[in-house]
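Comments concern the structure below.
In this text the structure is predicted, and so the values were computed from the model without any measurement. Numbers here are sequence positions counted from 1.
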Amino acid sequence: MGRNIIGIGETVLDVIFRNDNPTAAVPGGSTFNALVSLGRTIKKVSPESEIRMVTEVGDDHIGDIIVSFMEKNGICTDAVTRNKGSQSHISMAFLDENNDARYEFYKDHAHAGLSAERVGAVEFKKDDIVLFGSYFAINPVIREHTRELLSRASASGAIIYYDINFRPNHIKDLPETMGNIVENCRFSDVVRGSAEDFQFLFGTGDGREIYEKHIAPLCRNFILTRGSAPVQVFTGDGEMEFPVEQIETVSTIGAGDNFNAGFVYSLISEGIRLQDLKDLGRDGRKHIDSGWWSRSLCIATSFSAAACRSTFNYVDEDFEVFKISGWI
């Protein structure tokens, strides 16, 4: 039986602007983007794996587009809640001269809703992978559902990967949501965030400070991405930096999301299970420097680079994953 991937997160329609002119409109959302890329790649290494998305959309035409796009890209939609009488979310992404994106969101978080029946029907088994993050993961309105999912996933022995992905428009919500961020980290086996995320949250982008003060007491494994600067990894037994390929960027939309997709891909392609992830690096720096972490980050950054070369939020359908084999 294949290991399944369960994503928990929001869906939006991303309208992309260049020079203040709309150039494309594509389904998106942080976890959504990662799952689409996995839907296009994971069957090559694990044909029996299923991908499922827990999310909500409106019962409008945009919701139809999003659900149809999921199905076309190999994502099971039986855990998608269609909220009657509501409109799907829209995101405006404005690309600057460096093709970095600035966002404006049109979302009604206060009226978000998940079907208890659909959430309850989601099953987890040992060594499945749960990917979740963004405001959806801390929204107080649906917290009872996300907490239930994470609790059941943890009890089943699934690997839980949390992408904090915190936006500045939610700084005002921190008094109400910081406890949920902490709880999410405690549930997780890997936490990833960008230096920008933590600058908003804690006023620092320093990886060691973030890990020692905020992550290590809650989660052993921490990945800090820093744009074009090297990725930093902290595990409690060591730390490493991994260089990021310098490319000509078309769009940074989906860069972090596809990093997540590549990391999840590596967990399955390399056969890494929960106990392996807990043990990695415990015999010193050998694994940290030259083992699975290096291969995983190579795959993750290759996914991210592929998305940055595209106007879309995910890797192309014919994307060939960087071939890495053997255990060092």
CZ (Phe166) and CZ (Phe202) are apart, to the nearest 0.5 Å, by 9.5 Å

Does CG belonging to Asn19 count more than 12 external heavy atoms closer than 6.0 Å? no

Using 30° and 60° as the class boundaries, would you call the ring planes of Tyr161 and Phe263 parallel, tilted or perpendicular? tilted

Compute both the distance and the angle, then confirm whether Arg152 meets the cation-pi test with Phe124: under 6.0 Å from the six-membered ring centre, within 45 degrees of the axis. no

Do Ile210 and Thr204 touch side chain to side chain, with heavy atoms closer than 4.5 Å? yes

Would you call Asp128 and Lys125 a salt bridge, taking side-chain N to carboxylate O under 4.0 Å as the test? yes

Could you check whether the rings of Phe303 and Tyr265 sit parallel, tilted or perpendicular, using 30° and 60° as the cut-offs? tilted

Ile159 side chain near Val130 side chain, heavy-atom distance below 4.5 Å: no

I want to check something: taking the side chain as every heavy atom from C-beta on, are Ile129 and Ile268 in contact at a cut-off of under 4.5 Å? yes

Mark yes when over 12 heavy atoms from residues, nucleotides or ligands other than Lys72 sit less than 6.0 Å from its NZ; otherwise mark no. no

Keeping Thr177 on the side-chain end and Asn180 on the backbone end, is there a donor-acceptor pair under 3.5 Å? no

Going by heavy atoms in the side chains, are Phe32 and Glu10 under 4.5 Å from each other? no

Looking only at the side chains, is there a donor atom on one of Asn83 and Glu56 sitting less than 3.5 Å from an acceptor on the other? yes

Check for a donor-acceptor pair, side chain of Asn258 on one end and backbone N or O of Ala255 on the other, with a separation under 3.5 Å. no

Is the closest side-chain donor-acceptor distance between Asn221 and Thr235 under 3.5 Å? no

Would you check if there is a donor-acceptor pair between the side chains of Ser266 and Ser296 at a distance under 3.5 Å? yes

Spell out, as yes or no, whether a donor-acceptor pair under 3.5 Å connects the side chain of Asp316 to the backbone of Asp318. no

Min side-chain heavy-atom separation Asp206-Arg208 under 4.5 Å: yes

Checking the side chain of Arg186 only, and the main-chain atoms of Leu218 only, is there a donor and an acceptor separated by less than 3.5 Å? no

Taking the side chain from Thr146 and the backbone from Arg143, do they hold a donor-acceptor pair closer than 3.5 Å? yes

What I want to find out is whether Asp96 reaches Arg102 closely enough, with some N-O distance under 4.0 Å, to be called a salt bridge. no

Do other residues, nucleotides or ligands put more than 12 heavy atoms under 6.0 Å from the NZ atom of Lys84? no

Could you tell me whether the side chain of Cys308 reaches within less than 4.5 Å of the side chain of Ile247, counting heavy atoms only? yes

Quick check: do Arg220 and Lys278 have side-chain heavy atoms less than 4.5 Å from each other? no

Do the side chain of Thr41 and the main chain of Ser37 share a donor and acceptor less than 3.5 angstrom apart? yes

Which pairs count as side-chain hydrogen bond (donor to acceptor under 3.5 Å, both in side chains) when at least one residue sits in residues 190-202, sequence neighbours excluded? Asp163-Arg192, Arg192-Thr225, Arg192-Asn260, Ser194-Asp197

Does a side chain donor of either Ser49 or Asn4 reach within less than 3.5 Å of an acceptor in the other side chain? no

Taking a hydrophobic cluster as the set of Ile, Leu, Val, Met, Phe, Trp and Tyr residues connected by side-chain heavy atoms closer than 4.5 Å, whether directly or through intermediates, do Ile142 and Val12 fall within one such cluster? no

Could you go step by step and tell me if Asp127 and Leu267 meet the side-chain contact (heavy atoms from CB on, under 4.5 Å) rule? CA-CA 10 Å; Asp127 297 315; Leu267 289 172; over 6 Å; no

Can we say Arg309 and Glu245 salt-bridge, meaning some charged N sits less than 4.0 Å from an Asp/Glu carboxylate O? yes

Quick one, Tyr162 and Asp189 - any side-chain contact, counting heavy atoms below 4.5 Å? no

Would Ser91 and Asp14 count as having a side-chain donor-acceptor pair, cut-off 3.5 Å? yes

Does this structure show an ion pair linking Glu50 with Lys43, if we count only N-O contacts that are shorter than 4.0 Å? no

When you check the gap from the basic side-chain N to the acidic O, do Arg82 and Asp64 get nearer than 4.0 Å? yes

Any carboxylate oxygen within less than 4.0 angstrom of a Lys/Arg side-chain nitrogen, looking at Arg226 and Glu241? yes

